Amino acid sequence: MVGEEGAFVLSWDEVLTEEELSMTLKVLCMSEEEFKEYKEQDSWEDNSNEEENSMLSNEALSRLKTPCKKLLYDSVLLTLESYGSDLKAEQDLLNNRAAYEKLSRREQQALHVRYGQKRILHQLLELVH
């Protein structure tokens with residue numbers, strides 16, 4: 001459901017892979033009976049109108065049903081745990097000019113990318129908590 005890379009793409013304002021995330025949350029938050037019925041009705045393809053009207057802006061994410069919020073929250077925590085350091089460590093390194101300048105250009109760029117990713121993930125945690 002989430003494509004070859006198995007990841008969802010988030011920005012500061014919305015989910016950029018909203019169709020994939022909407023479908024995944026919908027299916028994962030179904031009861032076993034709901035899933036069986038959904039599968040039997042071959043409903044995988046016929047929700048185009050529903051999906052178009054389900055923009056996953058930050059505001060919409062904060063209004064998700066509790067089971068979907070919990071699923072997202074737990075997923076974000078797992079993703080954050082996969083990093084070697086936390087958001088504060090990245091911020092401290094960015095603020096420590098001497099330590100930052102000792103990094104290669106590539107390491108500096110990677111630091112900025114990781115820091116941005118972690119900030120977006122922390123924002124998502126706040127939205128679904």
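All values derive from a computational prediction rather than experimental measurement.
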Here the gap from Leu21 atom CG to Leu72 atom CG, rounded to the nearest 0.5 Å, amounts to 5.5 Å
Tell me if a side-chain donor or acceptor on Ser22 pairs with a main-chain N or O of Glu19 at a distance below 3.5 Å. no
Quick one: does Leu125's side chain get under 4.5 Å of His122's, heavy atoms only? yes
Can you tell me if Glu90 and Tyr83 form a side-chain donor-acceptor pair at under 3.5 Å? no
Rounded to the nearest 0.5 Å, what separation is found between the CZ atom of Phe8 and the CG atom of Leu124? 11.0 Å
Distance-only check: which donor-acceptor pairs under 3.5 Å involve side-chain atoms of residues 91-98, not counting sequence neighbours?
from, atom 1, to, atom 2, distance (Å)
Gln91, OE1, Tyr115, OH, 2.2
Gln91, NE2, Asn95, OD1, 3.1
Asp92, OD1, Lys88, NZ, 3.2
Asp92, OD2, Lys88, NZ, 3.1
Asn95, ND2, Gln91, O, 3.3
Asn96, OD1, Ala98, N, 3.3
Asn96, OD1, Ala99, N, 3.1
Arg97, NE, Glu101, OE2, 3.1

To check you understand the geometry: which heavy-atom pair defines the closest contact between Arg119 and Trp12, and what is its length? CB-CH2, 3.5 Å
Do the side chain of Lys118 and the main chain of Leu80 share a donor and acceptor less than 3.5 angstrom apart? no
Please report the closest heavy-atom contact between Lys69 and Leu61, naming both atoms and the distance. CE-O, 4.0 Å
Are there over 12 heavy-atom neighbours, none belonging to His129, within less than 6.0 Å of that residue's NE2? no
Could you list the residues that satisfy ring pair (Phe, Tyr, Trp, His ring centres under 6.0 Å) with Tyr100, not counting sequence neighbours? His112
Ignoring hydrogens and geometry, is there a side-chain-to-backbone donor-acceptor pair from Ser31 to Glu34 under 3.5 Å? yes
Option passing side chain to side chain contact (heavy atoms under 4.5 Å, CB included) with Val76 (candidates Leu127, Leu10, Leu121): Leu121
Using modelled atom types and a 3.5 Å cut-off, is there a donor and acceptor pairing between side-chain atoms of Thr17 and backbone atoms of Val9? yes
Are the side chains of Gln109 and Arg105 in contact, using a 4.5 Å heavy-atom criterion? yes
Any salt bridge linking Lys36 with Glu40? Criterion: basic side-chain nitrogen under 4.0 Å from a carboxylate oxygen. no
When hydrophobic residues are tied together by side-chain contacts of less than 4.5 Å, even through go-betweens, does Leu87 share a cluster with Leu103? yes
Locate the shortest heavy-atom distance separating Leu25 from Cys68; write the atom from each residue and the value. O-SG, 3.9 Å
Surrounding CD of Glu107 (heavy atoms of other residues, nucleotides or ligands, distance under 6.0 Å), is the total greater than 12? yes
